[in-house]
Each structure stands twice: as C-alpha cells, then as structure tokens.
Amino acid sequence: MEGMLHNSYVAHGYCLMWKPWLVGLHGLSDILTALAYFAIPVAIFIFVKRRGDLEMKNLAWMFVAFITMCGLTHVVGLITLWAPIYETEGWVKGATAVVSVITAIAIFPLIPKALAIPSPSQLQLVNEQLSAEIDAHKKTLAELEAARAELELRVEQRTQALNESQTFLKRITDIAPTMLYVYDIENQRNEWINRNVVSALGYEPDEIQAMGSALFPTIMHPDDFARFKDHIENQKKLGTEDSVEFEYRLRASDGEWVWLLSQEMAYTRNNEGEVTHIIGAAHDITLRKEQEERIHLLMAEVNHRAKNLLTVVQSVARQTSRLSDPATFAEDLSNRLAGLAASQDLIVQGDWQGVRMRELVTSQLGHLGDSQLSRLVVEGDPITVSPAAAQGIGMALHELSTNALKYGALSNEAGTVLIAWTTKIGDEGEKFIISWQERDGPMVSPPEKTGFGRTVIERMAAHAVSGDVDLSYAPDGLKWTLSAPLDRVLNRTEQTGRT
C-alpha cells in the first residue's frame with residue numbers, strides 16, 4: 001500500500017505544468033540559495049578556527065548546523081521538481097525545524113554575554129584613558145626620579161665631612177648583633193644606621209638614609225606614627241639621660257610589617273639644652289608580638305566557640321525536653337549530644353579552622369555499626385567546611401541516620417542510603433549542595449506530628465549555613481537536600497584559595 005501511495009506522487013514540475021521558464025526559475029533559485037547557505041557555514045567554520053579565543057563557539061556550531069540544514073531543504077526542493085521524494089523532503093524539513101528551534105532557544109540566554117562584549121568604540125575609549133594614565137605615571141615617575149636624585153645629592157653633601165670617622169665606626173658597628181642608629185630630630189631623619197638593618201628590614205643603610213625625613217612617614221605603620229611624633233617632640237623638650245623604650249612597626253622591603261623595640265641610650269643637645277640627636281638600638285620583636293597576638297586570638301576564639309557550643313547544647317536540651325516524653329528524653333538528648341560531640345572533636349582536631357566533609361559524614365554515621373555502614377554510599381568533592389557549618393550539617397546527618405535506622409531505609413535488610421555533596425555555579429553564585437536519599441526501604445509517608453528531629457534537619461542545619469532545606473517524603477524513600485552559598489560553608493583557608 002505504501003509503494004502505491006509513493007507511486008501516486010508526481011514531481012513538482014507537474015504542478016508547474018512543466019513550463020520551462022517557471023521550472024528554471026524554481027530550480028535556479030534553489031541552487032543559488034543552497035550554494036549561499038552552504039557557503040555561510042564554511043565562512044563561520046573558518047572564522048571559529050582562526051579565533052581560538054571565541055567564547056560562544058557552541059552557538060557558532062549551532063548556526064552552522066541550522067544554516068546547513070536550511071541549504072539541504074533547498075537541495076531536496078530542487079530534486080522534487082523532477083523526483084517526487086516528498087517523504088525525504090518532509091524528514092529534512094523536520095530535522096531543520098528541530099535544529100532551528102534548538103538554536104532559537106539557545107540564543108536568548110546568550111544575549112547578556114553578547115551585550116557584555118565591549119564595542120570597538122568602548123575599547124578605543126579605554127585605550128585612550130590608559131594612554132592618558134600611562135603619560136601621567138611617566139610624569140610622576142620622572143618627578144620621583146628627580147626628587148630621589150636631589151635627596152641623594154643632599155645626603156652626599158652632608159656626609160662627605162664625616163666619611164673618615166664613619167669608616168672606622170662602620171667597621172665596629174657592622175658586626176653588632178642589633179640595629180644601631182643616630183636619629184636627627186632637627187631634620188627628622190636617620191643620620192646613620194648600621195648594616196644590621198639589612199637583616200632586620202631588608203634595606204641597605206644607604207637606602208634608609210636616602211629616604212631622609214620621609215623615612216618614618218613612608219614605612220612606619222600609621223597607627224604608630226602619631227605616637228612616634230609625640231614621643232620625639234617630648235624627647236626634644238624633656239630629654240632624659242635614662243634609657244627610654246619605644247615599640248613601633250616598620251614596613252620591610254618585602255612589604256611585611258616588622259615590630260621593633262627601640263632603646264634610646266644617649267642624646268646630644270644644642271646650646272638651649274634641647275635634644276638634637278638620639279642614639280639608640282632597635283631590636284626585632286616581631287616573633288614575640290606574633291606570639292602575643294596569637295595567644296590573644298586563641299583565647300578570644302576559645303571563649304567565642306565555648307559560648308556558641310553552650311548555646312547549641314542549651315537549645316538541643318530545651319527542644320528535646322519539650323518534644324520528647326520523659327522516658328526517652330535522656331536517650332534522645334544523649335544521642336544528639338554524641339553527634340554534636342563528634343563534630344566538635346573534628347573541629348578541635350582541625351585546630352578550629354575547619355573539618356573535612358568526608359570525615360564529618362563518617363563521624364556522624366559511626367553509630368550505625370559496620371553492618372549498616374556497608375549499605376551507605378558516600379560521594380562528594382574533597383572540601384573542608386567551617387566549624388559552624390560542621391556543627392549544623394553534622395547534627396542533621398546524625399538525626400537523618402537515626403531516623404533511617406528506626407523508620408527508614410536502614411530499618412529493613414534491603415534499604416540503602418546515598419549521601420552526596422557537590423559545588424556548582426549558578427545565577428546566584430557558587431553553591432554547596434548536600435543530599436540524603438533513601439531507597440528500597442519501607443513505604444514513606446509524612447509524619448503526623450513534627451518533632452525536634454525535623455527542626456534539626458530543617459531549620460538548624462539551614463540556619464548554620466544561611467541556606468535552604470528541601471525535605472521530601474516520597475513513597476519510595478525520604479530525600480533531604482541542603483543548598484547554601486559556598487562562602488558560608490567553606491572554611492577561611494579554602495575561601496582565600498578561591499579568591
């Protein structure tokens with residue numbers, strides 16, 4: 001029957017009454033249009049290959065497919081003038097329609113990316129602005145070079161008369177185990193400093209002297225400079241023969257701040273009795289200051305963490321007592337505190353910096369026993385979560401595992417649980433997603449009343465990471481999914497690494 005229907009078709013030329021000029025017009029139009037359609041993909045292909053940095057290559061290939069299919073429709077249309085292959089023409093048009101729809105759908109989400117590509121006029125404007133900035137920087141650099149040359153000349157003129165005496169002094173002081181200096185109060189500059197400054201700050205003595213009066217305003221910490229000015233002013237007016245100590249920070253040549261303890265050992269005075277020069281020694285106390293700061297931070301961190309932990313324990317106890325009957329209160333509270341303690345152990349082992357996600361999952365499921373653990377599948381990226389995230393997620397996992405053991409997939413011999421987490425980039429930025437999926441357990445139905453366990457796996461977990469929880473009581477198995485901003489989950493170290 002199908003062959004008969006096919007034989008009943010007539011070539012399209014019959015419809016055109018085989019008029020030569022009309023058949024020729026249709027044929028020539030299809031040939032030229034098809035050639036044009038086939039030429040365009042070739043041009044696109046050459047362009048994409050030569051532009052290796054093109055961002056929207058997938059869209060280019062879609063257009064290649066779309067335009068090529070359009071060309072094929074005209075080729076088939078040309079053939080139907082003499083051969084009635086209308087089924088083939090229909091399939092080609094159908095395929096063209098599919099490719100066209102896919103290309104049309106794909107192009108709209110790419111409009112923002114296309115609009116974000118700078119126009120030639122915008123690039124030209126940016127280039128002009130950069131050129132202007134470069135000229136300004138060159139001018140500034142030239143001025144700075146001139147100022148540096150002037151300072152070097154002045155230093156050379158001021159130090160020439162002291163060269164002979166300083167040569168001998170330099171030989172002695174260069175072997176000193178500390179940084180020795182002579183500070184000129186009148187001109188607010190270091191008149192002399194020994195070579196220990198190289199090991200302490202990374203500057204050569206000549207560099208320090210070349211900075212002149214700009215030395216301390218340039219490399220002293222802003223928080224210390226005001227105290228330094230007041231100290232120098234007081235010493236100028238009230239200079240004493242007793243040793244005076246002063247702590248401050250200077251920026252080393254590598255950009256790091258170095259703590260110094262200066263001991264002013266002697267002074268020179270003018271005829272009015274005012275101090276004109278301070279002779280002193282400076283010691284590097286950076287390590288001591290870092291240790292003091294670390295102790296302070298650790299004490300503050302321990303105090304903060306202890307308060308947070310007590311708050312969590314208080315909340316768990318209060319909610320458990322309110323939602324549990326007296327007979328099971330002790331057991332429920334003990335189990336929840338055990339899960340919290342497991343998370344806390346990992347936090348302490350991680351030096352309060354973070355917990356590896358896989359270790360967190362393992363610690364919260366350890367109470368299930370080996371026979372149950374073999375029915376769990378754990379998958380996820382190797383990431384480290386913050387202490388706050390570890391507490392919230394850990395309590396939720398402990399509660400989910402307990403429920404699965406009592407009522408869910410782990411309450412029979414066939415059930416399994418998949419715990420998986422990942423990170424992905426979406427419209428709202430990077431996200432952390434973790435899910436708990438139960439399979440092959442008893443039929444699931446929503447609970448008739450809400451207990452504290454549901455509060456833990458929904459509200460407390462979401463609050464800990466500023467995220468959202470989706471809890472589904474599907475008949476084939478409970479599913480729990482937590483989604484949160486990645487920067488609310490990762491510990492500080494991994495956040496810094498992604499910056």
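Note that the structure is predicted; figures quoted are calculated from it, not measured.
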Yes or no on side-chain contact (heavy atoms from CB on, under 4.5 Å) for E143 and K139, after CA distance, side-chain angles and deciding distance?
CA-CA 6 Å; E143 294 174 351; K139 182 179 179 181; 3.6 Å; yes
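- A salt bridge links E247 with R288: the closest approach of a Lys/Arg side-chain nitrogen to an acidic carboxylate oxygen falls below 4.0 angstrom.
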Could you go step by step and tell me if L418 and E379 meet the side-chain contact (heavy atoms from CB on, under 4.5 Å) rule?
CA-CA 8 Å; L418 170 64; E379 301 174 349; 4.1 Å; yes
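- Side-chain N or O atoms of S472 include none that pairs as donor or acceptor with a backbone N or O of K479 at under 3.5 Å.
- A pairwise comparison of heavy atoms in A464 and G392 identifies CB-CA, 3.7 Å as the closest pair.
- Between W436 and A404, the shortest heavy-atom contact is CZ2-CB, 3.9 Å.
- Atom CG in L261 sits 10.5 Å away from atom CH2 in W259 (nearest 0.5 Å).
- In this structure the side chain of I219 reaches within 4.5 angstrom of the side chain of M211, judged on heavy atoms.
- Using a cut-off of 4.0 Å between Lys/Arg side-chain N and Asp/Glu carboxylate O, D224 and R227 are scored as salt-bridged.
- Between N270 and T276 the shortest side-chain heavy-atom distance falls below 4.5 Å.
- Scanning both residues, T286 and W257, for their nearest heavy atoms gives CG2-O, 4.2 Å.
- Closest heavy-atom contact between Y248 and A282: OH-CB, 4.2 Å.
- Atom CD1 of I393 sits about 15.5 Å away from atom NE2 of H398, to the nearest 0.5 Å.
- Taking the six-membered ring wherever Trp is involved, the centroid distance between the rings of F45 and F47 does not fall below 6.0 Å.
- Every residue two or more places apart in sequence or in another chain was checked for a ring pair (Phe, Tyr, Trp, His ring centres under 6.0 Å) with H463, and none qualifies.
- To the nearest 0.5 Å, atoms CD1 (I278) and NE2 (H231) are separated by 5.5 Å.
- Two residues are said to be in side-chain contact when any heavy atoms from C-beta on lie closer than 4.5 Å; I419 and V377 fail this criterion.
- Scanning all heavy atoms of the two residues, the minimum distance from A281 to Y181 falls at N-CE2, 3.6 Å.
- To the nearest 0.5 Å, atoms CD (E458) and CG (D468) are separated by 11.0 Å.
- A search for side chain to side chain contact (heavy atoms under 4.5 Å, CB included) contacts involving S483 returns K431, I433, not counting sequence neighbours.
- In this structure, L201 and L250 have side chains that are in contact, with non-hydrogen atoms separated by less than 4.5 Å.
- Between the side chain of N194 and the backbone N or O of M179 there is no donor-acceptor pair closer than 3.5 Å.
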Criterion salt bridge (Lys or Arg N to Asp or Glu O under 4.0 Å) on R189 and D184, from CA distance to verdict:
CA-CA 5 Å; R189 61 186 294 273; D184 182 351; 5.1 Å; no
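- The two atoms that bring S213 and P217 nearest to each other are O-CD, 3.3 Å, heavy atoms only.
- Checked against the 6.0 Å centroid criterion, the rings of F225 and F216 do not qualify as a close aromatic pair.
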Are W61 and V48 close enough, and set up right, to give a side-chain contact (heavy atoms from CB on, under 4.5 Å), and what steps lead you there?
CA-CA 9 Å; W61 298 131; V48 172; 3.6 Å; yes
Which is it for Q437 and T481 under the side-chain contact (heavy atoms from CB on, under 4.5 Å) test, yes or no, and what are the steps along the way?
CA-CA 9 Å; Q437 176 69 63; T481 303; over 6 Å; no
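- Put simply, the side chain of D381 never gets that close to the backbone of I383: no donor and acceptor are under 3.5 Å apart.
- One finds the CD atom of E128 at 4.5 Å from the CD atom of Q124 (value rounded to the nearest 0.5 Å).
- One finds no salt bridge joining E150 and R154 here, because no Lys/Arg side-chain nitrogen approaches an Asp/Glu carboxylate oxygen to under 4.0 Å.
- Side-chain contact check for I285 versus L260: every heavy-atom pair is 4.5 Å or farther apart.
- With hydrogens and angles disregarded, a donor-acceptor distance shorter than 3.5 Å links the side chain of E207 to the backbone of E204.
- Remark: R148 CZ to L141 CG distance equals 11.5 Å, nearest 0.5 Å.
- For CZ of R459, the number of neighbouring non-hydrogen atoms (other residues, nucleotides, ligands) closer than 6.0 Å is 12 at most.
- With no hydrogens or angles considered, a side-chain donor-acceptor pair links R488 and S466 at under 3.5 Å.
- Within the 3.5 Å criterion, the main-chain N or O of E191 finds a donor-acceptor partner in the side chain of Q209.
- Contact check for V469 versus W480: side-chain heavy atoms found under the 4.5 Å cut-off.
- When side chains are defined from C-beta on, T384 does not count as touching L490, because their heavy atoms never get closer than 4.5 Å.
- In this structure, R375 contributes its side chain and A409 its backbone to a donor-acceptor pair below 3.5 Å.
- Residues R358 and V378 form a side-chain contact, since some pair of their non-hydrogen atoms from C-beta on lies under 4.5 Å apart.
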